[in-house]
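To find a chain, count down the sequence lines: A is the first, B the second, and so on, and within it residues start at 1. Since the model is a prediction, treat every value here as computed from it, not as a measurement.
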Amino acid sequence: METDLNSQDRKDLDKFIKFFALKTVQVIVQARLGEKICTRSSSSPTGSDWFNLAIKDIPEVTHEAKKALAGQLPAVGRSMCVEISLKTSEGDSMELEIWCLEMNEKCDKEIKVSYTVYNRLSLLLKSLLAITRVTPAYRLSRKQGHEYVILYRIYFGEVQLNGLGEGFQTVRVGTVGTPVGTITLSCAYRINLAFMSTRQFERTPPIMGIIIDHFVDRPYPSSSPMHPCNYRAAGEDTGVTYPSVEDSQEVCTTSFSTSPPSQPAALGPGPADLAYPVVFAAGLKATHPHQLMVPGKEGGVPLAPNQPAHGAQADQERLATYTPSDGARCAATPSSSEDTETVSNSSEGRASPHDVLETVFVRKVGAFVNKPINQVTLTSLDIPFAMFAPKNLELEDADPMVNPPDSPETESPLQGSLHSDGSSGGSSGNTHDDFVMIDFKPAFSKDDILPMDLGTFYREFQNPPQLSSLSIDIGAQSMAEDLDSLPEKLAVHEKNVREFDAFVETLQ
Amino acid sequence: MNCRSEAMLAVLHTVLLHRSTGKFHYKKEGTYSIGTVGTQDVDCDFIDFTYVRVSSEELDRALRKVVGEFKDALRNSGGDGLGQMSLEFYQKKKSRWPFSDECIPWEVWTVKVHVVALATEQERQICREKVGEKLCEKIINIVEVMNRHEYLPKMPTQSEVDNVFDTGLRDVQPYLYKISFQITDALGTSVTTTMRRLIKDTLAL
């Protein structure tokens with residue numbers, strides 16, 4: 001009965017249940033976005049992190065949740081449900097799971113609202129975080145993109161499990177007893193998902209009267225529209241802007257009392273020191289571009305502090321301003337092997353190398369094969385070995401790297417050993433008959449994005465020009481001179497024998 | 001890091017997620033406020049599994065260290081063997097001199113590991129999926145136990161907080177815990193001496 005609960009406790013309890021419902025929806029939808037979620041711990045308490053957990057508030061999701069709740073709270077017979085479904089690029093859809101936040105009549109009169117119920121709701125949210133990664137839909141949502149997307153729908157009222165097909169399983173996330181009833185959070189999920197990975201969502205006709213209930217239109221005329229599990233920055237294509245979450249200006253203002261436990265908790269906001277935002281990018285969607293979330297003013301920051309009536313201990317600390325520049329990507333942003341490409345990735349990176357080179361390089365096919373290559377231009381000669389880079393080539397023969405200059409017909413053994421096989425003697429076109437053409441692809445390099453990649457570099461510079469000192473005529477000349485000058489040198493050395501001996505002795 | 005270690009970390013982190021709070025900040029008149037706990041998803045490399053852990057590098061490092069020691073101990077024991085790791089939450093009770101403080105456990109989680117040698121890549125792949133499924137069940141079990149709300153130490157006063165919580169971490173505050181492990185070889189006998197490693201020194205304060 002509610003008579004045992006004083007009005008302040010009742011108010012607090014209603015607030016806790018409301019925000020618990022909103023946070024539950026956030027956790028579930030964010031877990032189905034297809035990205036890893038990462039939020040930062042903050043040792044200083046903030047005024048806006050309900051249940052002492054850093055759970056981001058996506059405004060659109062909160063808006064939908066509030067719309068579904070329509071000012072009501074989960075109660076007996078009135079459950080808040082989040083339906084997760086899958087929709088293929090062909091338009092077929094299938095329900096995957098239903099998350100239910102229910103209330104039953106079993107009351108716990110003894111429990112302390114501001115303290116025990118609050119902490120247990122926090123624990124339940126942590127459990128929800130863990131369980132949302134464990135149901136089969138999680139792995140599906142991580143792979144969404146080309147072939148299918150994951151959608152969510154929030155509704156309030158009776159739980160509808162018909163769309164999950166036969167043999168669905170349920171998992172209970174947890175319960176929290178309160179003076180007005182017991183809150184239960186559970187999930188019912190479809191189990192026969194195995195076919196999806198193999199069948200690739202082919203539509204098959206019913207077999208011998210067995211109803212295939214996977215691909216159905218929405219059976220509930222009154223159902224609310226489905227929403228994709230992605231996030232659009234406010235003010236994007238739809239032109240709809242969602243108000244900041246805390247438009248009701250409810251501040252999570254909870255501090256606790258320890259002495260003694262039976263005393264009511266005093267309330268007051270802590271210093272506002274927000275963690276940086278969760279950065280995620282929705283997976284590729286058929287219809288919705290992905291966006292990066294860098295909101296200007298994010299939910300969770302109250303517009304104005306709202307001190308509760310008995311918040312005698314309120315420390316009037318400043319509100320945090322949310323700094324989107326803190327949106328440094330944490331490790332959770334796409335580095336996994338999933339097919340996630342974000343706006344950020346395509347706009348970042350590859351900055352300076354592109355600025356230097358014009359991208360007109362055409363790679364040669366084959367390590368030791370010459371094919372006529374198109375003209376290449378260089379906008380800047382700041383690249384290393386610029387003088388060796390091919391410029392305005394029309395004929396292969398003019399390439400100094402391909403044809404070492406002035407090679408005589410007779411090769412000295414010295415010269416032969418210093419030349420690479422591909423460039424010995426005259427035109428390397430003569431040598432390629434002896435070699436198998438191999439398309440040279442060095443490991444871990446892509447050669448169609450950066451012009452001067454490893455493969456191109458290697459191919460261009462594998463035939464360096466011959467060192468002048470090693471060319472035979474110069475070599476021959478100096479050899480002859482050396483031979484002639486030998487007797488003179490010997491005479492000089494003989495004269496200075498004593499000096500040399502003294503020098504040697506100093507070394508010993 | 002391997003399949004075993006990742007599974008162990010997933011379990012330990014899931015338990016500690018539930019048994020960690022934000023940092024307490026005591027104020028006048030016996031009130032305190034609590035910091036915020038961040039969370040992050042961790043994809044396993046050797047298992048088809050993702051788990052959630054508390055965003056605390058210090059805590060992660062501490063757990064990885066002990067899991068690494070456990071892995072080495074398992075490896076050194078050779079061949080097939082049984083390993084068991086215990087995560088124990090305890091409270092300290094101050095005693096008068098000359099007696100040292102008592103550590104009274106109030107919750108103990110035990111994870112048993114059975115080492116299986118996998119010969120082929122196919123076996124490894126099957127194991128990867130199977131271990132992933134098993135882990136899902138384990139996480140559900142953990143959550144179920146957590147939500148029984150059986151016992152939690154009372155919230156301490158400022159002078160008592162170090163008897164209940166580990167206040168040494170910078171960003172989060174888990175309940176006082178220690179991790180120990182034991183290896184038995186295939187014959188069921190303890191390998192040389194039982195290896196007990198304490199993460200948290202009871203005399204840290």
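- Val37(B) touches chain A through backbone and side chain together, each having a heavy atom under 4.5 Å away.
- Note on ring orientation: taking the six-membered ring where Trp is involved, the planes of Trp50(A) and Phe19(A) are parallel (angle under 30°, cut-offs 30° and 60°).
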If you look only at distance, which donor and acceptor atoms sit under 3.5 Å apart when one is on a side chain in residues 139-150 of chain B and the other is two or more places apart or in another chain?
| unit_1 | atom_1 | unit_2 | atom_2 | d |
| --- | --- | --- | --- | --- |
| Asn147(B) | ND2 | Ser127(A) | OG | 2.9 |
| Asn147(B) | ND2 | Val173(A) | O | 3.2 |
| Asn147(B) | ND2 | Val143(B) | O | 3.0 |
| His149(B) | NE2 | Thr175(A) | O | 3.1 |

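- Within the 4.5 angstrom heavy-atom criterion, only side-chain atoms of His25(B), from C-beta onward, approach chain A.
- For the pair Lys178(B) and Tyr90(B), the cation sits on the ring face: its NZ or CZ lies under 6.0 Å from the ring centre, inside 45° of the axis.
- Remark: Tyr51(B) engages His13(B) in a ring-ring contact (aromatic ring centres under 6.0 Å, His included) (not counting sequence neighbours).
- Of the atoms belonging to Phe49(B), heavy atoms from both backbone and side chain fall under 4.5 Å from chain A.
- Heavy atoms of Leu124(A) lying under 4.5 Å from chain B belong to its backbone as well as its side chain.
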